[in-house]
Amino acid sequence: TYVVTEACIKCKYMDCVEVCPVDCFYEGENMLVINPNECIDCGVCEPECPAEAILPDTEDGLDQWLELNTTYSSQWPNITAKKDAPDDADAHKGETGKFEKYFS
Ligand code: SF4
Ligand code: F3S
C-alpha cells in the first residue's frame with residue numbers, strides 16, 4: 001500500500017484525489033490519508049503530490065504513518081473530488097515537525 005505522510009499536513013494540495021482509480025483517500029482537517037485496505041498499489045498518486053507526501057509503505061520508518069492512515073481512514077470522510085488547497089499551503093511545504101505542531 002501507499003501511505004500519506006507528514007509532508008501533507010497543512011499542505012493538502014489534493015492532486016492525489018483526482019488520480020486515484022479506487023477513491024481511497026479520506027479527509028481530515030489538516031491532511032488526507034489513504035485506506036491501506038482499499039489502495040491497489042497502482043502508484044499513480046505518488047508523483048502527483050507537490051509536497052512529496054505519498055510513499056510506498058515498503059520504505060523504512062513508515063510504521064507510524066501506516067498506523068495513522070489505517071486509523072483515520074476509518075474515521076474521516078471519503079474524498080473523491082479535488083478541492084482548493086489551503087491559501088498558505090506553499091508556506092508549509094517542506095516545513096519540519098508538522099505532526100507535533102498541527103496534527104489534531
Ligand atoms: Fe490510490 Fe493508487 Fe495511490 Fe493507492 S497507489 S492511493 S490506489 S492512486
Ligand atoms: Fe496531501 Fe499531497 Fe494529496 S499534500 S492532499 S498527499 S497531493
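Indexing begins at 1, ligand by ligand and atom by atom, following the structure's order.
With a 6.0 Å radius and a threshold of 12 heavy atoms from other residues, nucleotides or ligands, Gln64 has its CD atom above the threshold. Other residues, nucleotides and ligands contribute more than 12 heavy atoms inside 6.0 Å of the CG atom of Asp88. Counting heavy-atom neighbours within 6.0 Å of Asp84 CG, excluding the residue itself, gives a total of 12 or less.
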Problem - Residues Glu59, Trp65; criterion side-chain contact (heavy atoms from CB on, under 4.5 Å); working and verdict - result: CA-CA 11 Å; Glu59 285 195 16; Trp65 294 101; over 6 Å; no
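Nearest to atom 2 (Fe) of ligand 2 among the protein's heavy atoms is Cys49 SG, 2.3 Å. Counting only heavy atoms of the protein, atom 5 (S) of ligand 1 lies nearest to Gly43 N, 3.2 Å. In this structure, the protein non-hydrogen atom closest to atom 5 (S) of ligand 2 is Met14 N, 3.2 Å. Taking atom 2 (Fe) of ligand 1 as the reference point, the nearest protein heavy-atom neighbour is Cys42 SG, 2.2 Å. Among protein heavy atoms, atom 1 (Fe) of ligand 2 sits closest to Cys8 SG, 2.4 Å. With hydrogens left out, the protein atom closest to atom 1 (Fe) of ligand 1 is Cys20 SG, 2.3 Å, a heavy atom. Nearest protein heavy-atom neighbour of atom 3 (Fe) of ligand 1: Cys45 SG, 2.2 Å.
At a cut-off of 2.8 Å, Cys39 is counted among the residues with an N, O or S atom near atom 4 (Fe) of ligand 1. Not a single N/O/S atom of Cys24, whether from backbone or side chain, sits less than 2.8 Å from atom 3 (Fe) of ligand 1.
Less than 4.0 angstrom separates some heavy atom of Leu32 from each of these atoms of ligand 2: 5 (S). Within the listing of ligand 1, atoms 6 (S) sit less than 4.0 angstrom from a heavy atom of Phe25. The contact set between ligand 2 and Asp15, taken as ligand atoms under 4.0 Å from a residue heavy atom, comprises 7 (S). Taking a cut-off of under 4.0 Å to the non-hydrogen atoms of Tyr2, the atoms of ligand 1 that pass are 5 (S). For ligand 2, the atoms sitting less than 4.0 Å from at least one non-hydrogen atom of Cys16 are 3 (Fe), 5 (S), 6 (S), 7 (S), numbered in the order shown with element in parentheses. Shown in contact with Val22 at under 4.0 Å from a heavy atom are these atoms of ligand 1, numbered in order with element: 7 (S). For ligand 2, the atoms lying closer than 4.0 Å to a non-hydrogen atom of Ile54 are 6 (S). Of all the atoms in ligand 1, the ones that sit under 4.0 Å from a non-hydrogen atom of Val44 are 8 (S).
Among Ile40, Ile34, Leu32, Val4, the residue whose heavy atom lies nearest to atom 7 (S) of ligand 1 is Ile40.
The shortest distance between side-chain heavy atoms of Leu68 and Met31 falls below 4.5 Å. A 4.5 Å side-chain heavy-atom check between Ile54 and Cys16 finds at least one atom pair inside the cut-off. Counting heavy atoms from C-beta outward, Phe99 and Ile9 have side chains that approach closer than 4.5 Å. Leu32 places a side-chain heavy atom less than 4.5 Å from the side chain of Lys12. Using a 4.5 Å heavy-atom cutoff, the side chains of Cys39 and Cys24 are in contact.
With a heavy-atom cut-off of 4.0 Å, Val17 does not touch ligand 2 at all.
At a threshold of 4.5 Å between side-chain heavy atoms, the hydrophobic network of Ile, Leu, Val, Met, Phe, Trp and Tyr places Tyr13 and Tyr2 in two separate groups. Tracing side-chain contacts under 4.5 Å through hydrophobic residues (I, L, V, M, F, W, Y), one never reaches Leu55 starting from Val19; they form parts of separate clusters.
In this structure, Asn69 CG and Asn37 CG are separated by 11.0 Å, a value rounded to the nearest 0.5 Å.
Close to ligand 1: Pro21, with a non-hydrogen atom less than 4.0 angstrom away.
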